[in-house]
**Student:** 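Here you go, one structure.
Numbers here simply count residues along the sequence, with the first being 1. Only a predicted model underlies this, so the values are computations on that prediction, with no experimental measurement involved.
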Amino acid sequence: MTGMHIGYDLSFTHTEGAWARPGSWVGLDFPDVRMYMELARTAERAGVDLLFFGDGSGIPSTWRGSIEPAVEWGIQWPRHDMAPVIAAMSTVTERIGFGLTYSSTFMHPFYVARMLNSLDHVSGGRIAFNVVASTRGADAANYGFGELMDHDLRYERMEEFIAVCRALWDSVAPDAIVRDRATGRFADPAKVHPIDHEGRFFTVRGPLASVPSPQHHPLIVQAGNSPRGIAASARFADLIFGFGGNLTSQQRHRKLLDEALLAEGRDPARVGILWATQVVVGRTAAEARARRDAVHEFWHEEAVATYLSHNMGYDLSTLPSSFRLAELRDELVAANASPAGLVGSLIAEFGDDHTMSRDEFFAHGRSRATGLDHSLVGDASSVADALEENFAATGSLGGYMFSCPSAMPSGLAEISELLLPELRRRGALAPLYPGATLRENLVR
């Protein structure tokens, strides 16, 4: 056992009412970069490995075809491109890594490869690229897509996208830069070459017009949980994001990933999973429960429906008064929406043939939207106990991507000040920044 690696998910620290809860910033508001610079310093002192930003470029509009509920209640928006924020955070830290998300469904690989190369230089080799296959109609509309492409086709595009990025990063050899002051010769032309890529989705000549970065290839992260997504992970990802909170599902994901890695000729012991895990920790169990209960106050029905519709890619206002879960799943698949998440968990719990009322569905959805149905809530000792038990049961490879629904910065500060010291005291955490780059710190 190598010990847990820890990341913080900063994707939604300012949405869904978190910006207004007790313990939120006073005098600073999103997107003030000083918030994130301070958070980066405190997270590094706590020994956090990675600060991660998910992304979505569209305002949720699936629920009743309108952006108004999302705008009014701050559901999954605002979302900024966090590349400049990561650059700023890197200037006040030395070892902690940063994860940035771009969509292979909508973006172009040349732009992304160039941006990540630049950020890897700025940060001194501390960048991870989380590549996603987008499922949200609001995002698609902003990039000129009238509808989402088929699920499996999105992963085909992702695999080609990553292949192009890697070819571009390799198009300037690590030793191509000569910098001979005596002759004025900057680089060796024999070690800089076009990639001449012509594929189904992209045509890219190359080479990348950049100096090779400290990591050469930024760390590649992927979160696919479907069989097709797991196959893509096994093909190219250095690190996996997985859904925490359900041990059976975690063990299934680990098993399927291991099988897929072996089929690709890769060693499963070298590819960890960071389990997305929501944590509410307090100095006492009662304090933690009070913080959890405060989160519930925000989630009225319209907020829940807006959140779920956006993330499923399906307008839940069209639900009948009652329906079989299998019928809803099939409807989601037909609409190229996501049958995983809430619907998948309900089928796993109740079965395909279970008939559910609309009100029951939204009651379950409220727990899913808040994440409190699978959160770890308690004092540092009890949460650490649960994490150690889960880590052992899921293969002791990788670690956890923590989020906190209460408020920024207090929620993550409690994790830094209470939970991580307890885990380190127990010897449960991975060694503290043993390498010079993020890859050296996170990949075995």
**Student:** Flag the pair P405 / L372 as yes when at least one side-chain heavy-atom distance between them is below 4.5 Å, and no otherwise.
**Tutor:** yes
**Student:** Under the side chain to side chain donor-acceptor pair (under 3.5 Å) test, which residues partner S66, sequence neighbours left out?
**Tutor:** none
**Student:** For the atom pair CH2 (W25) and CZ (F30), what is the distance rounded to the nearest 0.5 Å?
**Tutor:** 13.5 Å
**Student:** Quick one: side chain to side chain contact (heavy atoms under 4.5 Å, CB included) partners of A393, sequence neighbours excluded?
**Tutor:** L247, Q251
**Student:** Could you grab the distance from atom CG of L376 to atom CG of N390, nearest 0.5 Å is fine?
**Tutor:** 8.0 Å
**Student:** Kindly give the heavy-atom pair with the smallest separation between P434 and P431, and that separation in Å.
**Tutor:** CD-O, 3.5 Å
**Student:** Measuring from atom CZ of R439 to atom CG of D238, what distance do you get when rounded to the nearest 0.5 angstrom?
**Tutor:** 4.0 Å
**Student:** Before we go on, tell me: are the rings of H253 and F243 under 6.0 Å apart, centre to centre?
**Tutor:** no
**Student:** Say whether, by atom type as modelled, one donor and one acceptor occur between the side chain of R366 and the main chain of H296 under 3.5 angstrom.
**Tutor:** yes
**Student:** Looking at side-chain heavy atoms only, is the closest gap between V377 and R291 below 4.5 Å?
**Tutor:** no
**Student:** With a 4.5 Å heavy-atom cut-off, do S24 and M408 have their side chains touching?
**Tutor:** no
**Student:** Drop me the distance from E417's CD to S410's OG, to the nearest 0.5 angstrom.
**Tutor:** 10.0 Å
**Student:** Does a side-chain heavy-atom distance below 4.5 Å link T318 with E331?
**Tutor:** no
**Student:** Tell me, do M107 and Y143 make a side-chain contact under 4.5 Å, heavy atoms counted?
**Tutor:** yes
**Student:** Output all residues satisfying side chain to side chain contact (heavy atoms under 4.5 Å, CB included) with A223, sequence neighbours left out; order by chain, then residue number.
**Tutor:** F241
**Student:** Just to verify, what does H108 make a side chain to side chain contact (heavy atoms under 4.5 Å, CB included) with, not counting sequence neighbours?
**Tutor:** F110, F202, V204
**Student:** Can Y8 and S416 be counted as having a side-chain donor-acceptor contact under 3.5 angstrom?
**Tutor:** yes
**Student:** Quick one: list whatever passes side chain to side chain contact (heavy atoms under 4.5 Å, CB included) with D152, sequence neighbours left out.
**Tutor:** D150, R228
**Student:** List the atom of G244, the atom of W275, and the distance in Å for their closest heavy-atom pair.
**Tutor:** CA-CB, 4.2 Å
**Student:** Between R64 and D315, is there a side-chain N and carboxylate O pair less than 4.0 Å apart?
**Tutor:** no
**Student:** Can you name the closest pair of heavy atoms from A43 and I96 and give their distance?
**Tutor:** CB-CD1, 3.8 Å
**Student:** Between R289 and D293, does at least one N-O distance fall below 4.0 Å, as a salt bridge requires?
**Tutor:** no
**Student:** For a side chain to side chain contact (heavy atoms under 4.5 Å, CB included) with N130, tell me which candidate from I220, L100, V221 qualifies.
**Tutor:** V221
**Student:** Hey, does the side chain of T105 reach the backbone of S134 with a donor-acceptor pair shorter than 3.5 angstrom?
**Tutor:** yes
**Student:** Any donor and acceptor pair, going by atom type alone, linking the side chain of R270 with main-chain N or O of R444 inside 3.5 Å?
**Tutor:** yes
**Student:** Which salt bridge (Lys or Arg N to Asp or Glu O under 4.0 Å) pairs, counting each pair once, include a residue from residues 259-269, with sequence neighbours left out?
**Tutor:** R235-E264, K255-E259
**Student:** Mind checking salt bridge (charged side-chain N to carboxylate O under 4.0 Å, His left out) for D379 and listing every partner two or more places apart, or none if nothing turns up?
**Tutor:** none
**Student:** Locate the shortest heavy-atom distance separating G242 from I273; write the atom from each residue and the value.
**Tutor:** N-CG2, 3.7 Å
**Student:** Just wondering, do P78 and H14 contact through their side chains at under 4.5 Å, heavy atoms?
**Tutor:** yes
**Student:** Fit a plane to each ring of F391 and Y400, take the angle between them on a 0 to 90° scale, and name the class: parallel (under 30°), tilted (30 to 60°) or perpendicular (over 60°).
**Tutor:** tilted
**Student:** Has the side chain of R126 got a donor or acceptor atom that lies under 3.5 Å from a matching backbone atom of F98?
**Tutor:** no
**Student:** Under the criterion side chain to side chain donor-acceptor pair (under 3.5 Å), I'd like the reasoning laid out for E287 against T284: C-alpha separation, chi angles, the key distance, then a yes or no.
**Tutor:** CA-CA 5 Å; E287 182 179 64; T284 65; 5.1 Å; no
**Student:** Decide yes or no on side chain to side chain donor-acceptor pair (under 3.5 Å) for T15 and Q76, but give the supporting numbers first.
**Tutor:** CA-CA 6 Å; T15 61; Q76 305 276 278; 4.8 Å; no
**Student:** Only distances under 3.5 Å count here; give the side-chain donor-acceptor pairs of residues 55-62 to other protein atoms, sequence neighbours excluded, each with its distance to 0.1 Å.
**Tutor:**
none

**Student:** So which pairs with a foot in residues 100-113 pass salt bridge (Lys or Arg N to Asp or Glu O under 4.0 Å), sequence neighbours left out?
**Tutor:** none
**Student:** What verdict does the salt bridge (Lys or Arg N to Asp or Glu O under 4.0 Å) test give for R324 and D353, after you've listed the backbone C-alpha separation in whole Å, the side-chain angles of each residue and the deciding distance to 0.1 Å?
**Tutor:** CA-CA 6 Å; R324 288 174 54 246; D353 291 331; 2.8 Å; yes
**Student:** For residues S226 and H151, determine if any side-chain heavy atom of one lies less than 4.5 Å from a side-chain heavy atom of the other.
**Tutor:** yes
**Student:** So, using side chain to side chain donor-acceptor pair (under 3.5 Å) as the criterion, who are the partners of S213 when residues are at least two apart?
**Tutor:** D120
**Student:** Do the ring centers of Y307 and F12 come within less than 6.0 Å of each other?
**Tutor:** no
**Student:** Evaluate the side-chain proximity of L332 to R329: yes if any heavy-atom separation is below 4.5 Å, no if none is.
**Tutor:** no
**Student:** Can you give me the closest heavy-atom contact between Q278 and C404, atom names plus distance?
**Tutor:** CG-CA, 4.5 Å
**Student:** Evaluate the criterion side chain to side chain contact (heavy atoms under 4.5 Å, CB included) for residue pair T101 and F52; output intermediate values, then yes/no.
**Tutor:** CA-CA 8 Å; T101 298; F52 167 76; 3.5 Å; yes
**Student:** Quick one: CZ on F129 to CG on L239, what's the gap to the nearest 0.5 Å?
**Tutor:** 14.0 Å
**Student:** With no hydrogens and no angle check, is any side-chain donor or acceptor of R424 less than 3.5 Å from a backbone partner on L432?
**Tutor:** no
**Student:** Before you tell me yes or no, could you show the steps for L316 and F362 under side chain to side chain contact (heavy atoms under 4.5 Å, CB included), namely the whole-Å CA-CA distance, both residues' side-chain angles and the distance that decides it to 0.1 Å?
**Tutor:** CA-CA 9 Å; L316 293 172; F362 280 116; 4.0 Å; yes
**Student:** Between F201 and F161, does the ring centroid distance fall short of 6.0 Å?
**Tutor:** no
**Student:** Going by salt bridge (Lys or Arg N to Asp or Glu O under 4.0 Å), name the pairs with one or both residues in residues 72-96, residues two or more places apart or in two chains.
**Tutor:** none
**Student:** So, using ring-ring contact (aromatic ring centres under 6.0 Å, His included) as the criterion, who are the partners of H354 when residues are at least two apart?
**Tutor:** F350
**Student:** Quiz question: by atom type and distance under 3.5 Å, do the side chains of D9 and S11 form a donor-acceptor pair?
**Tutor:** yes
**Student:** Donor-acceptor pair, distance only, cut-off 3.5 Å: does the side chain of T370 make one with the backbone of S367?
**Tutor:** yes
**Student:** From L51 CG over to M89 CE, what is the distance, rounded to the nearest 0.5 angstrom?
**Tutor:** 5.5 Å
**Student:** Taking E422 first and then R425, would you say they form a salt bridge - that is, a charged N and a carboxylate O separated by under 4.0 Å?
**Tutor:** yes
**Student:** Considering all heavy atoms of both residues, which atom of L308 and which atom of G365 are nearest to each other, and what is their separation?
**Tutor:** CD1-CA, 3.5 Å
**Student:** Could you tell me whether the side chain of W63 and the main chain of E302 form a donor-acceptor pair under 3.5 Å?
**Tutor:** no
